[in-house]
Amino acid sequence: MPMDSNSDQGAATTGPRLWLGMMAYLVIFSYPLLQADRLYRDDIWRSFHGEMGWVSNGRPLSSLVVLVLNGGPRLADLAPLPLWLGLAAVAAAILLWRRRLLAFGSGHAWLAMLILVVQPFFLQNLSYHFDALPMALSLACAIAGIAWALDPRQHHDWQARFRWLAGGGGILASLLFYQPAANVYFVMLAFHVALSVSLRGRPDWPRHLEALAIGVTALVISKAVSMWLIAGDYSVKHSQLVPLDQLPGHLVEQTWRFWHYAAMTLGTPTWWLVMTLAVVTVTGLWITAWRHRNLAGLAVMCLITISLPLGGLGFLSVLADPIWRPRVMMGFGAVYAGLLFCTLHWLGRSRWRLINDATIGWPLLVIALGTPLTLSYAYGNAQRQQGLFADHVSMTLIDDLAVQPSAAPLVIDGALPYSRTTRNAIASHPMIGELIQPYLDNGYWWGYQELYRRGLSAGFELSSDTALRSDFESRCQSLPPLVRRAWYTLYRFEGHYVVSLEPRCHRSLTTSELPIDD
């Protein structure tokens, strides 16, 4: 039986106004990222060479869409246009998904889906100048894919084909834009099934099983495509599956590691809000499902309850060595959004005088969507201050190296400290420490690329000789410096130039050495 087909027409009539409202919020949310105006990791290489490099990562659609947007294969920095186009696509996809959620209530609970964009980990995806559009489109395609795959219309062959073509196309496109976003498809499907069980006592077996089959088929196709396209040691290393006999233990280990990482990096209010929502949602789902006394439905609910914690990393947990960065943790946003939706949905239906939509529901939504704004603005301002600081130090270093009598391999010893503003922001929001990394950081590859992009001669090639660095640190106090600056000391040592940022070898009093009551 169709569960939400009658609501599609009404949802479509209010679509433009809702889309504009979401975009207004998302533009306000993303403004600090634009104001920071700092090239972010891979942006350095792309801005330097003007090349894409996504195909070898198994992401051909990323290259295609950027090729079309640029009008050719040579990249230009179009920020903030790519970011805003990506956010516009996500907002449109959320409206599609809203039609599926109307089966469970026509209130404002669907606004919880904005968490998919403003959740803390996704800030890294939005920080890129060149990759923000493909990553946002990957999220939009995953959301649209599950909305299409769960289209409720039945009894016509073309509608079954539509679900396979549109839903499958959406999830496959998500995988070919950026693989981790596809976890959103499966987490949203799990919540739709759980809510269906709580409402009717059982899943909509044909529709839900078909949506699951569509998603699994897309994963298989994507894996085959990726095996054909992926090249380079880094990409190959992080795409290999764990051996089958190690899979159960590996899944448990990766899941535990993810939630421990989340507890350490998420701000305290966000972490406790997610945990509270988890308790309320799981309890509510089981209470409402138990009332139907449907054994098959209860078995499905048990499976979903056990599997839901896996949604943080999702199918990335089966990789032997997944990339452990916030940008891959898009499944967490889906878990968080689903938990918030369920809680708001029940509060909207509550008839209790003290626990209802007006007393708890709206304040909860305001807190959930307001907290990300404080993180975004703290992060954007800290990123800008760190960028200005790092730019000054980098340009000074380039000038000092440029006047040396000859070029030689370059070693960075130590790490550039955070600016005072950045340190304060990290103390308040630990997630910012995961998002901002000083580029001048020992053998960090992006640090050298940033120096080259700013004009350092290639003659000062990167040296990652750890033995030489250790030998230098043991002897540095007896070496005469070439240049001593506020933030570094430049030495010549065994045919290398060594830039020391370590207090033991860089003996200049700077603000990073002054007492600070963090």
Side-chain angles (χ1 to χ4, degrees), residues 1-8 11 93-94 96-105 109-110 112-113 116 141-172 174-175 182-221 281-282 284-286 288-311 314-315 331 334-335 337-339 341-342 345:
M1 169 183 280
M3 292 166 54
D4 48 355
S5 57
N6 294 333
S7 61
D8 278 6
I94 288 175
L96 286 175
W97 179 234
R98 172 178 176 265
R99 299 183 184 184
R100 305 290 85 86
L101 297 178
L102 289 175
F104 311 110
W110 68 274
M113 295 303 121
L116 292 165
C141 287
I143 299 169
I146 187 60
W148 286 325
L150 290 174
D151 187 284
R153 291 170 292 187
Q154 300 175 7
H155 309 306
H156 292 87
D157 290 340
W158 75 266
Q159 288 162 349
R161 289 195 295 269
F162 170 83
R163 285 192 288 272
W164 275 91
L165 292 175
I171 181 62
L172 183 59
S174 177
L175 287 159
N183 285 317
V184 172
Y185 177 100
F186 293 98
V187 175
M188 291 292 96
L189 173 59
F191 273 107
H192 198 278
V193 173
L195 285 165
S196 299
V197 173
S198 70
L199 182 66
R200 300 177 180 275
R202 57 179 175 75
D204 185 341
W205 291 107
R207 190 156 58 127
H208 289 143
L209 289 175
E210 188 175 29
L212 178 61
I214 289 170
V216 172
T217 301
L219 277 178
V220 173
I221 295 174
T281 296
V282 172
L285 287 172
W286 271 101
T288 53
W290 187 262
R291 292 173 180 172
H292 297 284
R293 299 294 197 277
N294 186 301
L295 292 181
L298 292 174
V300 171
M301 188 66 76
C302 183
L303 179 63
I304 290 175
T305 303
I306 295 172
S307 302
L308 207 54
L310 298 174
F315 57 81
V335 174
L339 296 174
F341 173 84
C342 290
H345 161 64

Handout entry: 4.5 Å side-chain heavy-atom contact, L285 and L195
Key = yes
Tell me the closest heavy-atom pair linking [X] and [Y], and the distance in Å.
X    : Y    : result
G168 : A218 : O-CB, 4.4 Å
V187 : G311 : CG2-CA, 3.9 Å
P309 : I306 : CD-O, 3.3 Å
A149 : R163 : O-CD, 3.2 Å
A147 : R100 : O-NH1, 2.9 Å
A142 : A182 : CB-CA, 4.3 Å

Handout entry: side-chain hydrogen bond (donor to acceptor under 3.5 Å, both in side chains) evaluation trace for T305 with W286
Key = CA-CA 9 Å; T305 303; W286 271 101; 3.0 Å; yes
Could you give the distance from [atom1] ([X]) to [atom2] ([Y]), rounded to the nearest 0.5 Å?
X    : Y    : atom1 : atom2 : result
H292 : L199 : NE2   : CG    : 6.5 Å
L303 : L308 : CG    : CG    : 10.5 Å
W148 : C141 : CH2   : SG    : 7.5 Å
L189 : I304 : CG    : CD1   : 8.0 Å
F315 : L219 : CZ    : CG    : 5.5 Å
W110 : L102 : CH2   : CG    : 9.5 Å

Exercise for the section: Under the side chain to side chain contact (heavy atoms under 4.5 Å, CB included) rule, what do F191 and L339 come out as? Steps first, then yes or no, please. Expected result: CA-CA 8 Å; F191 273 107; L339 296 174; 4.0 Å; yes
Practice task
Check step by step if side chain to side chain contact (heavy atoms under 4.5 Å, CB included) holds for T281 and F341.
Solution key: CA-CA 9 Å; T281 296; F341 173 84; over 6 Å; no
Exercise for the section: Dump the intermediate steps for side chain to side chain contact (heavy atoms under 4.5 Å, CB included) on W97 and H192, then the final yes or no. Expected result: CA-CA 11 Å; W97 179 234; H192 198 278; 3.9 Å; yes
Exercise for the section: For the pair C302 and L298, evaluate side chain to side chain contact (heavy atoms under 4.5 Å, CB included) and give the outcome as yes or no after the intermediate values. Expected result: CA-CA 6 Å; C302 183; L298 292 174; over 6 Å; no
Problem - Name of the residue among R202, R200, R207 meeting salt bridge (charged side-chain N to carboxylate O under 4.0 Å, His left out) with D204 - result: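 The option that passes is R207.
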Completion exercise
Tested for side-chain contact (heavy atoms from CB on, under 4.5 Å) against Y185, the lone hit among I143, I214, L212, L175 is I214
